[in-house]
Amino acid sequence: MRTSQFLLATQKETPADAEIVSHKLMLRTGMISKLASGIYTWLPMGLRVLKKVETVVREEMNRIGASELLMPAIQPAELWTESGRWDQYGPDMLRINDRHKREFCFGPTHEEVITDIARNKIRSYKQLPLSFFQIQMKFRDEIRPRFGVMRSREFLMKDAYSFHLDAESLEKTYQTMYEAYTKIFTRLGLNFRAVLADTGSIGGNFSHEFQVLANSGEDLLAFSDSSDYAANVERAEALPPAASATKSNEPIKTVNTENHYTVEQVCQFLAIQPQQLIKTLLVKGSDTEIVALALRGDHELNEIKAAKHPKVANPLQFVKDEAIQSQVGCKPGSIGPIKLNIPLIVDRDAAAISDFVCGANQENKHCLHVDWSRDVGEIEIADLRKVVPGDASPDGKGKLQFARGIEVGHIFQLGDKYSKAMNANVCDESGKAKPMLMGCYGIGISRIVAAAIEQNHDEQGIVWPEPLAPFQIALIPVNLHKSDRLKKMCEKIYSELKAAGYDVLYDDRQERPGVLFADCDLIGIPHRLVLGDKGLDANFIEYKARNSNETKELPLDNYLTELKNFVGVE
RNA sequence: CGGGGUGUAGCUCAGCCUGGUAGAGCACUGCGUUCGGGACGCAGGGGUCGUAGGUUCAAUUCCUGUCACCCCGACCA
């Protein structure tokens, strides 16, 4: 490609609304252009990178025998009503009506559609297992889109789905996908980790996320410092504490704590540590109106764990202050587990302390020296809290450390959730109809582009890993317009490089060399060839890699051979 | 959804308080000089000041509504 034929939309200044480095650089390099909040055009430069990611993903999907298809972006509501998700999915789903006022959505994901395909087209267990994938735009109406294409509303996703007769087959394909994902992210040159994950609204029971490690990441990950345990913090189990509760020797005492409501305020007022305080949260229950959750004052509720508890409504909803007032008779800041006429679930760590402080269920009052068995009675114990750094690793080996990550892939074993709801059955060996088991496997293609920049950049701009670069080689002539013989030579080299299979950007603009160099570094093209009259006289062309400061002089009559030492043909 | 902020040229912003219908730098066009790390001079082009209404002789400026965009929060027991 010649720069003169290409939209090189680079800019010196960073647009004001970009926050993180990948977003800034994607705007400055002219890869993307915003149309509306969370909605972007992929300009020619950006699209080249996006296609590179797509290619790697497609190759690895094909390699493991998944078949590519393309499902509609617009899906009828009926399908989602069948699976039960029309009501469940929430405002992330963009719902639209056609001219007949029929309801549709812009697909946020495609389990329903693929399940519909499967039930219509797959008849026998003999056809299984089968895997499909597509690379397609999804739309999720995020609460707050941000960071450019990192969290956009419209985004390109690879989603794959597998169908099986039994769990063994599902696990096998899951493992194959896991390995394919590992291969994909390795090929893309990303520093990533696979972590145990929550299954979220997709459903199912077993799942891993692939996280690109970056400080700008929105996900928090927990790693063991002495084993390969890794999990999303929202999923990491907090092990029961080693010591169990002792008894309180002192009688319970109610004290006045007027105007002190938060954990911090109460602790300061009573001169106690938050570890000695029990906070009680009221949430909506699944069968009952309200369920109470008790945690240690220094711990935070893990909403995902709580919502999974059979007695708690999923998704988690906190009870409104007015309802608390009418049910308990006090404001939220004074609730406690004693004589609370509400089903109670106590976190493991909270259950392990005694002689604690808690709300007295009376306005402005707290209780001291409380003891679970003496003052509250039988309690139900569950893992409710978020893990914190230093907690024991759930696999029993070492302690947990935290790091931030960008979720670029997620694989799930769905089981029969969709096949059962939508009657996607096959005949088994005995001729009986049986719901297929399913797996689903996603990769955020557009997000990978941003994640890769987060990991690969410097002061000058992007430093693309080879497989992602929009161009492999930049050919930069020095003062092209002044020298006819330089022009002739550059044309020759440009055709030779193309003929040799390289993806070249030939910068034939009439700009000063500094401008060309600066743009070349900003865009992050991995390999650079520079030729000027000086080189022509001395019979060399200069080579430099983007990630190195060293330049090399390659003999003009043999530069292609030498170049092969640095650059692979695609 | 709650809180905060911003909308003026393609980009980054000034002007607004103290009304008199617009400016800088970058980018763009032409000419000249320059030419291995984002050059310089001269001459240009480009804005119904987000939008609707109000006040006023006069509104980018003051008032009201509205839309868009950005940031923070959505743990409070």
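Residue numbering restarts at 1 for every chain, and letters A, B, ... go by the order of the sequence lines. Small disclaimer: the values here were computed from a predicted structure and weren't measured.
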Between A/K482 and B/U34, is there a contact of a side-chain N or O with OP1 or OP2 at under 4.0 Å?
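Answer is no, no contact under 4.0 Å.
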Would you say a side-chain N or O of A/R146 is under 4.0 Å from OP1 or OP2 of B/C69?
no
If you measure from the [atom1] atom in [N] to the same atom in [M], how many Å do you get, rounded?
N: B/G15; M: B/U61; atom1: C1'; answer: 9 Å
N: B/G53; M: B/A58; atom1: P; answer: 15 Å
N: B/A52; M: B/U8; atom1: P; answer: 15 Å
N: B/G2; M: B/A74; atom1: C1'; answer: 7 Å
N: B/C49; M: B/C16; atom1: C1'; answer: 11 Å
N: B/C13; M: B/A22; atom1: C1'; answer: 14 Å
N: B/C76; M: B/A9; atom1: P; answer: 41 Å
N: B/A59; M: B/G19; atom1: C1'; answer: 6 Å

Consider the side chain of [X], meaning its heavy atoms from C-beta on, and name the nucleotide among [options] that approaches it most closely.
X: A/D521; options: B/A39, B/G37, B/C69; result: B/G37
X: A/K34; options: B/C69, B/C76, B/C35; result: B/C69
X: A/E511; options: B/C76, B/C28, B/C35; result: B/C28

Taking for each residue the nucleotide of RNA chain B bearing the nearest heavy atom, is the 5' side occupied by A/I278 or by A/R512?
A/R512
Which is more 5' along RNA chain B, the nucleotide nearest A/V478 or the one nearest A/L281? Just name the residue.
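Between the two, 5'-proximity favours A/V478.
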Measure distances between side-chain N and O atoms of A/R28 and base N and O atoms of B/G10, and say whether any donor-acceptor pair falls under 3.5 Å.
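Under the 3.5 Å cut-off, the side chain and the base do not form any donor-acceptor pair.
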Using only heavy-atom distances, decide whether a donor-acceptor pair under 3.5 angstrom links the side-chain of A/E542 to the base of B/G36.
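Counting by modelled atom types and ignoring angles, a donor-acceptor contact under 3.5 Å is found here.
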Would you indicate what [X] reaches in the nucleic acid, counting non-hydrogen atoms under 4.0 angstrom: base, sugar-phosphate, or nothing?
X: A/T280; answer: base
X: A/I143; answer: base
X: A/R144; answer: base
X: A/H299; answer: nothing
X: A/V263; answer: sugar-phosphate

Could you check how far [atom1] of [X] sits from [atom2] of [N], rounded to whole Å?
X: A/F318; N: B/A77; atom1: CZ; atom2: P; result: 10 Å
X: A/N479; N: B/G37; atom1: CG; atom2: P; result: 10 Å
X: A/I523; N: B/G37; atom1: CD1; atom2: P; result: 18 Å
X: A/L522; N: B/C26; atom1: CG; atom2: P; result: 19 Å
X: A/I476; N: B/G38; atom1: CD1; atom2: P; result: 14 Å
X: A/H481; N: B/U34; atom1: NE2; atom2: P; result: 11 Å
X: A/Q510; N: B/G36; atom1: CD; atom2: P; result: 15 Å
X: A/R528; N: B/G36; atom1: CZ; atom2: P; result: 13 Å

Correct closest heavy-atom pair for A/A360 and A/C367 would be CB-SG, 3.5 Å
Correct closest heavy-atom pair for A/A236 and A/V387 would be O-CG1, 3.5 Å
Would you call the rings of A/F356 and A/W372 parallel, tilted or perpendicular, where under 30° means parallel and over 60° means perpendicular?
tilted
With under 30° as parallel and over 60° as perpendicular, where do the rings of A/Y494 and A/Y506 fit, or are they tilted in between?
tilted
With both distances under 3.5 angstrom, what nucleotide forms a Watson-Crick or G-U wobble pair with [N]?
N: B/A68; result: B/U6
N: B/G73; result: B/C1
N: B/A22; result: none
N: B/C40; result: B/G32

Could you pull out all residues at least two apart from A/Q5 that satisfy side-chain contact (heavy atoms from CB on, under 4.5 Å)?
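Result, side-chain contact (heavy atoms from CB on, under 4.5 Å) vs A/Q5: A/M1, A/R2.
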Is there a side-chain contact between A/L156 and A/W42 (heavy atoms, below 4.5 Å)?
no
The criterion is side chain to side chain donor-acceptor pair (under 3.5 Å); which residues satisfy it with A/D141, sequence neighbours excluded?
A/R153
List the residues meeting side chain to side chain donor-acceptor pair (under 3.5 Å) with A/K34, not counting sequence neighbours, and say none if there are none.
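In terms of side chain to side chain donor-acceptor pair (under 3.5 Å), with neighbours along the sequence ignored, A/K34 is linked to A/D17.
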Residues within residues 543-557 of chain A bordering RNA chain B, heavy-atom distance below 4.0 Å
none
Going by heavy atoms closer than 4.0 Å, what residues in residues 10-19 of chain A are next to RNA chain B?
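The stretch gives A/Q11, A/K12, A/E13, A/T14, A/P15, A/A16, A/D17, A/E19 as the residues lying under 4.0 Å from the strand, ordered by number.
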With a distance cut-off below 6.0 Å to the six-membered ring centre and an angular limit of 45° from the axis, does A/R95 pair with A/W86 as a cation-pi contact?
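Yes - A/R95 lies over the ring of A/W86, closer than 6.0 Å to its centre and within 45° of its axis.
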Without hydrogens or angle criteria, can the side chains of A/E496 and A/Y559 be said to hold a donor-acceptor pair below 3.5 Å?
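Side chains of A/E496 and A/Y559: pair found under 3.5 Å.
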So, does A/E454 use its side chain to make a donor-acceptor pair with the main chain of A/S22 at under 3.5 Å?
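Yes, the answer is positive, given that a donor and an acceptor are paired below the 3.5 Å cut-off.
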Which pairs count as salt bridge (charged side-chain N to carboxylate O under 4.0 Å, His left out) when at least one residue sits in residues 352-380 of chain A, sequence neighbours excluded?
A/K311-A/E380
